[in-house]
Each structure stands twice: as C-alpha cells, then as structure tokens.
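The block underneath contains the structure these notes are about, expressed in structure tokens.
As the structure is a prediction and not an experimental result, all values here were calculated from the model. For the single chain, residues carry numbers from 1 onward in sequence order.
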Amino acid sequence: MSIRLHASQKRVFTGCTPSPIRRYSCALQALCAGLALMTCAALPLKASAGTRLDFTQNVSVSSDHEHIRAVVSATGDDGQPIRGLTLKHFAVSVDGEPGRTTRVLPVAANDQPVAIVLAIDISKSMAGSNAFAAARSAAARLVDELGSADLVAIVTFGTSATRILDFTLDKAKARKALEQLNATDNQTLLYEGLLQSAQQATLATTGKAVVIAVTDGKDEGSNVTLEDVVGKAKSSGVAVYTLGFGQEEDSKTLARISELTGGQYRHAVKPQELPDLYQSILDVLKNAYALTVDVKRVHSGIHNVSVTLSYREKKVSAAQEFRIPLPPLPRWLWFTAGSVVVLLVLLTVAGWIFTRRTRAKKRMHVAPALPPIWVDVVEGSQRGRRVRLLGRRLRIGGAADCELRSDDARLAPYQAEIISEPGGAALQNGGDGNTPMLLNGNSLRPNQSVRLRSGDRIKTGSMVVVFMDQRRTQPTPTKSEERPYAVKGPGPQRSATTK
C-alpha cells in the first residue's frame with residue numbers, strides 16, 4: 001500500500017535537522033501518519049455489509065406440488081440491491097435434492113407487498129439537534145414511498161413500548177400519527193419496543209412482515225432480554241432492520257439483532273442521512289427476484305428450500321422452511337362418510353329400540369312370583385280351591401269382601417282371619433262362639449290368636465282348609481304361645497296345650 005503525504009507534511013520532514021533525536025522524531029511522526037492512513041483505508045472494508053441473500057416472501061407451492069416459487073432479494077457489498085441477475089446466478093434445492101430453476105424474473109414493486117412496523121425511539125436524547133424531527137420526517141417519506149397494497153404500523157418506545165397505529169393501508173392516517181409524536185421520555189426501553197414491534201408484525205395479513213427500528217441510544221432497563229426479542233422475531237419469521245445514529249447508540253447490539261433475525265443494520269452519521277437509509281431498506285424489500293423451480297412431487301409436511309447465489313466469485317445461501325397441508329377431502333368422500341355416520345346412528349337407535357321392546361315382551365311373558373302363603377280348601381262346597389295371601393291378611397267368612405267367602409249360613413261375616421307377620425303368620429278367631437273353629441281338631445276361643453305352621457288344618461262350619469307357608473324360615477313358638485292339640489286315647493278325648 002502506497003502512502004501519499006500532503007505538501008505541508010513534506011515541508012515538515014524537509015525541515016528536520018540531521019540530529020539523531022530529530023531524525024527519530026521525524027520517523028516516528030511518519031510512522032504514526034502511515035498507521036492512521038492505513039486505519040482509515042481499512043474502515044470501509046470493516047463496515048461493509050457483504051453480499052446477502054434473503055427471502056422476502058414465504059415459499060409457495062403449485063397445485064400439482066411439482067413447482068415452487070421462491071422470492072429472494074440480493075444485496076451487494078455496498079448494501080444496495082444487485083440487479084441484472086439471471087438463471088446462471090441461482091441454484092435451488094428442496095430437502096437436499098437439487099431442483100431445476102426454470103425462470104428468474106425481477107419482481108415489480110406492486111407485486112411485492114410489504115408490511116412494515118415503524119419502531120421509533122421517543123426518548124429525550126432524540127430531541128437534540130433536530131434528530132427526532134429528521135427521524136420522523138424520514139419515516140413519513142418512507143410511508144409516501146409505499147405502494148397501495150403495502151401495510152404500515154407504528155410502535156414507539158421510551159419509558160414504555162406503545163402501539164400507536166395498527167396495520168393500515170391508509171397512508172394519510174399513518175402520516176398524521178407520525179406528526180403527533182414527540183421525544184419526551186426519560187428512558188430508552190429498546191428491547192421492549194422491539195419485542196412489541198415483532199408481536200405487531202405477526203398480525204400482518206399480507207406481504208413480507210418486517211420491523212424498521214430507529215434509535216440513537218441503547219437499552220436502559222427493559223424487562224425483556226435481547227434473546228426474547230430475537231427468539232420472537234425468528235419464530236415468527238420477522239426480519240428486524242435497525243437504523244442507528246449519534247454518539248451513544250449501541251451499534252454492536254443493533255447489528256447483532258439484525259443479523260440474527262435476517263435484517264440489516266444501517267448507521268447514519270447525521271440524522272439527515274436517515275431518509276436515504278430508509279429508502280435503501282425499502283429498495284431491498286421491493287427489488288427482488290421470483291424463482292420458479294421444478295422439483296419432484298413434494299408431499300404433505302414440512303420441507304426446506306435452499307437458494308444459493310453465485311455472484312462475482314462469491315457464494316451466499318439462504319434457507320426457508322415451508323409447509324404443505326394435507327389435501328382437502330373431495331366432496332363425494334365427505335358425503336359418503338356423512339352417510340355412513342348417519343346410517344350407523346340410525347342402526348344404533350333402531351337396535352336400542354328393538355332391544356327395549358324385546359326385554360319388555362320377555363318381562364310380560366314371565367309369570368309373576370306367587371306369594372308364598374296360601375290356603376287349600378279340602379272340604380266343603382269350594383273343595384279344590386286355592387286362595388293365596390296377596391296382602392297382609394286373608395279373611396274367611398260370609399261377607400262379600402272376604403278373600404275366601406263361604407255360603408255356609410252358620411259362619412259369621414268375618415269368621416277367621418289369617419294375618420302375615422315377619423317370618424310367619426297367625427290365625428285370629430273372629431267368630432262369636434256360635435260356630436266353633438278348630439285348629440288341628442282343637443277348639444279356639446272367640447278372638448283367640450294362634451301362630452300358624454305350614455300344614456295346619458283349620459275347620460269352621462262345613463269348610464276345612466290347610467294352611468301352607470313356603471318361606472324358608474318360620475319362628476319357633478315362645479313360651480307364652482300355646483298351640484292346642486287333641487289327645488287321642490281309649491277313653492274320652494280331652495284338650496291339652498303344648499308350649
């Protein structure tokens with residue numbers, strides 16, 4: 001590298017005296033001047049952004065799944081869009097398999113809608129030297145450059161992050177919102193502003209969603225971190241472009257945010273340079289190339305497409321994931337499936353009704369369980385008749401409402417009554433004593449009550465009945481209960497009792 005010195009510098013060196021100290025001093029001055037010039041010459045190279053390739057739209061797939069369309073923007077080392085690229089400059093692969101690029105066309109501005117979130121620093125430091133007025137004017141100029149299909153939203157950040165304007169196509173409304181902004185806050189919560197802007201960008205309904213943030217400072221105590229901002233932007237596919245100017249801007253952090261999210265960082269020495277920087281970002285977003293690529297048929301699922309740009313002996317790549325949803329079912333299949341479901345429901349209902357009716361019929365044909373207590377008439381006019389005890393009592397007599405009615409005129413209306421008791425039954429003599437009642441041949445006194453056992457014979461008038469009880473358990477008579485019985489022998493019969 002050759003170093004040129006100005007004439008004034010030559011005069012200084014020429015005037016040096018030949019003493020060793022003077023010669024050493026002159027040599028040291030020349031060395032310092034050379035290092036300064038070398039540093040100045042190297043600065044543009046260090047600040048160079050380098051060649052970039054970015055996706056500006058989501059990858060789309062043709063209906064036959066055999067063609068994809070990828071829209072990319074290419075910028076050179078100077079940060080300006082590269083124009084005049086053709087087929088030979090691009091190579092595309094899908095899931096690692098190379099595809100054949102059949103067409104490369106520049107995308108017209110109107111065919112490349114964008115959704116821009118303008119994130120503006122409103123801290124007091126922006127008010128100095130008309131910096132905020134210049135930033136506000138540059139943002140308004142950017143709004144004027146947007147197309148009719150482009151969306152714009154506004155977020156401010158200072159002591160807090162505030163959504164000033166949701167996405168709108170009304171450019172006049174956006175300009176009016178910008179005019180009402182002022183730099184009055186005492187802090188710069190940069191990370192909160194960028195996170196709020198990234199969240200707003202996810203609400204864009206069309207176009208490539210990006211954030212363009214302008215600030216002259218650094219974060220001063222946000223409740224979120226840089227990682228939160230980058231994570232939200234990357235997960236949502238939102239590129240963050242940052243514009244910094246002034247003495248206190250955190251250029252390293254701004255550049256890192258843009259690099260990690262797929263955006264770009266631009267630095268302005270003076271606020272008056274901001275309009276051109278805004279325009280350069282818009283040029284990158286608007287000047288793009290649409291690549292049509294033939295690929296093997298891709299199926300439903302998540303796929304990865306990679307585009308490589310070869311330009312001036314440099315190669316840069318960009319990759320993007322895209323999803324192919326499951327194909328919709330044809331109408332006839334929906335109709336068939338619906339018909340099958342309706343048929344199954346009808347069959348289920350019919351089967352349920354049939355089962356209920358069948359069970360009901362079976363219950364109707366099953367004979368009811370017969371009561372376990374009854375009397376069999378073994379003598380008298382109703383011999384052979386069986387009368388069951390359906391309720392709690394069975395009455396025997398001449399009354400019309402007796403369960404066992406007799407035509408014998410000697411019987412009282414309610415001559416006897418058999419009463420069901422827990423675990424047994426009892427016989428109650430209801431006669432007046434004119435007609436005797438015998439239990440197993442033994443007389444009962446009027447109103448006398450005696451416990452019955454299965455097989456006992458009851459005689460009243462001309463009627464004789466046998467008491468039957470099929471219950472499993474029958475109580476054992478207590479000492480207080482007496483059962484009369486007849487004692488038969490060679491002499492006259494006598495009455496006795498057993499306990």
Do Lys124 and Thr188 pass the side chain to side chain contact (heavy atoms under 4.5 Å, CB included) test, and can you show the C-alpha distance, the side-chain angles, and the key distance before you say yes or no? CA-CA 9 Å; Lys124 286 183 178 179; Thr188 305; over 6 Å; no
Search all heavy atoms of Ala204 against all heavy atoms of Ala209 and return the closest pair with its distance.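 Heavy-atom minimum between the residues: CB-CB, 4.1 Å.
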Taking every non-hydrogen atom, the tightest pair across Ala119 and Val211: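 Where Ala119 meets Val211 most closely, the heavy atoms are CB-CG1, 4.2 Å.
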Are any non-hydrogen side-chain atoms of [X] and [Y] less than 4.5 angstrom apart?
| X | Y | result |
| --- | --- | --- |
| Ile281 | Leu243 | yes |
| Phe322 | Ile302 | no |
| Asn304 | Val94 | no |
| Val214 | Tyr241 | no |

Examine distances only and state if a side-chain atom of [X] and a backbone atom of [Y] form a donor-acceptor pair shorter than 3.5 Å.
| X | Y | result |
| --- | --- | --- |
| Thr225 | Asp228 | yes |
| Gln200 | Val155 | no |
| Gln187 | Glu220 | yes |
| Ser137 | Ala133 | no |
| Tyr289 | Leu85 | yes |
| Asp170 | Ala172 | yes |
| Ser93 | Pro98 | no |
| Asp95 | His303 | no |
| Thr202 | Gln199 | yes |
| Thr102 | Val293 | no |

Got a sec: does the CZ of Arg163 have more than 12 other heavy atoms crowding it under 6.0 Å?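 12 or below, so no.
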Note: Lys171-Asp150 ion pair, threshold 4.0 Å (strictly below):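 No, Lys171 and Asp150 are not salt-bridged.
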